[in-house]
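A quick write-up on the structure given underneath.
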Amino acid sequence: MARRLEFDFYNRDVLEVAPELVGKTLVRSFNDGLIQRFIITEVEAYRGAEDLACHASKGRTPRTEVMFRSGGLVYVYLIYGMYWMLNIVTGETNNPQAVLIRGLEDCYGPGRLTKKLMIGKDFYGENLMESQRLWVEENNNKYNINRAPRIGVDYAGEFWSSKPWRFFTNNIK
DNA sequence: CGCAAGATTGGC
DNA sequence: CCAATCTTGCGT
């Protein structure tokens with residue numbers, strides 16, 4: 001079994017953490033003992049209060065509060081009344097950042113993968129360094145990383161929506 | 001307190 | 001192309 005990623009991995013700038021999360025293994029453990037592992041294939045970085053595409057640009061609210069904490073926690077929110085978005089908080093305290101998990105091997109789409117992994121509201125604030133039901137493991141295989149603009153953030157204006165803060169690999173399906 | 005919009009998806 | 005579906009943040 002591979003090593004679980006710890007605090008020092010997450011507590012860095014999101015632009016360092018996000019591309020390194022691609023190729024790592026997301027692990028979901030269920031009550032009945034079933035454990036599922038998926039390689040992360042696509043992510044997006046949301047970086048600080050100044051990033052108008054980042055929810056934290058709205059300030060510290062009940063929803064965005066967890067992003068203001070230190071790295072390694074989970075930020076989940078409901079979009080379009082239907083889909084839960086899974087994010088991993090990064091960076092130091094009071095520097096609101098998060099990585100949106102957009103794709104896993106065999107499962108593309110941020111709304112689809114949370115449905116598949118049964119991740120919802122009750123994962124808000126989950127500690128990936130201690131959780132018994134969700135964490136990320138090291139993966140020593142190397143994958144090439146591609147960069148592209150983030151998806152669905154035109155509302156933030158071209159300056160922010162054009163930043164190449166989506167990271168993905170095509171080594172894996 | 002009302003309301004418009006949303007880090008999406010699947011169906012027509 | 002567009003409806004679904006409901007939380008959130010902001011304006012009144």
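For clarity, every value in this text was computed on a predicted model and none was experimentally measured. Every chain is numbered from 1, with letters handed out A, B, ... down the list of sequences.
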>> Quick check for you: to the nearest 0.5 Å, what is the distance between R102(A) atom CZ and I151(A) atom CD1?
In response: 4.0 Å

> Which ones in residues 16-27 of chain A lie close to DNA chain C, meaning a heavy atom under 4.0 Å from one of its atoms?
Replying inline: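 Correct list: empty, so none.
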
> Can you name the closest pair of heavy atoms from T169(A) and N146(A) and give their distance?
Replying inline: CA-ND2, 4.1 Å

>> Tell me the closest heavy-atom pair linking Y75(A) and A98(A), and the distance in Å.
In response: CD2-CB, 4.5 Å

> More than 12 heavy atoms of other residues, nucleotides or ligands under 6.0 Å from CD of Q36(A): is that the case?
Replying inline: yes

> For atom CG of N31(A), is the number of surrounding heavy atoms from other residues, nucleotides or ligands below 6.0 Å larger than 12?
Replying inline: no

Produce the list of close N/O pairs, under 3.5 Å, pairing protein atoms with atoms of nucleotides 8-11 of chain B; give distances to one decimal.
unit_1  : atom_1 : unit_2  : atom_2 : d
dT8(B)  : OP1    : R102(A) : NH1    : 3.4
dT8(B)  : OP1    : R102(A) : NH2    : 3.4
dT9(B)  : OP1    : P110(A) : N      : 3.0
dT9(B)  : OP1    : G111(A) : N      : 2.8
dT9(B)  : OP1    : R112(A) : N      : 3.4
dT9(B)  : O4'    : Y83(A)  : OH     : 3.2
dG10(B) : OP2    : R112(A) : NE     : 2.5
dG10(B) : OP2    : R112(A) : NH2    : 2.4

> To the nearest angstrom, how far is I88(A) atom CD1 from dA7(B) atom P?
Replying inline: 19 Å

> OH of Y155(A) versus C1' of dA4(B): gap in Å, rounded?
Replying inline: 15 Å

Quick check: is [Y] connected to [X] through a chain of hydrophobic side chains (ILVMFWY, heavy atoms under 4.5 Å apart)?
X: L26(A); Y: F9(A); value: yes
X: L21(A); Y: L128(A); value: yes
X: L52(A); Y: L15(A); value: yes

>> Does anything in residues 86-125 of chain A form a ring pair (Phe, Tyr, Trp, His ring centres under 6.0 Å)? List the pairs, not counting sequence neighbours.
In response: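 Sorted result for residues 86-125 of chain A: empty, none.
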
> Is there a side chain to side chain contact (heavy atoms under 4.5 Å, CB included) between L5(A) and Y10(A) once you walk through the steps?
Replying inline: CA-CA 8 Å; L5(A) 297 184; Y10(A) 299 110; 3.7 Å; yes

> Which ILVMFWY residues can you reach from F68(A) by hopping between side chains whose heavy atoms are under 4.5 Å apart?
Replying inline: none

>> Show me, range against range, the stems involving DNA chain B, built from at least 3 consecutive Watson-Crick or G-U pairs below 3.5 Å.
In response: B:1-6 with C:6-11, B:8-11 with C:1-4

>> With side-chain hydrogen bond (donor to acceptor under 3.5 Å, both in side chains) as the criterion, how do R60(A) and N94(A) come out once you've worked through the C-alpha distance, each side chain's angles and the decisive distance to 0.1 Å?
In response: CA-CA 9 Å; R60(A) 192 165 188 152; N94(A) 292 323; 3.1 Å; yes

> Are the side chain of T41(A) and the backbone of G103(A) linked by a donor-acceptor contact shorter than 3.5 Å?
Replying inline: yes

> Between the base of dA7(B) and the side chain of Y77(A), is there any donor-acceptor pair under 3.5 Å?
Replying inline: yes

Atom pairs, N/O to N/O, protein against nucleotides 7-12 of chain C, distance under 3.5 Å?
unit_1 : atom_1 : unit_2 : atom_2 : d
dG9(C) : OP1    : T61(A) : OG1    : 2.5

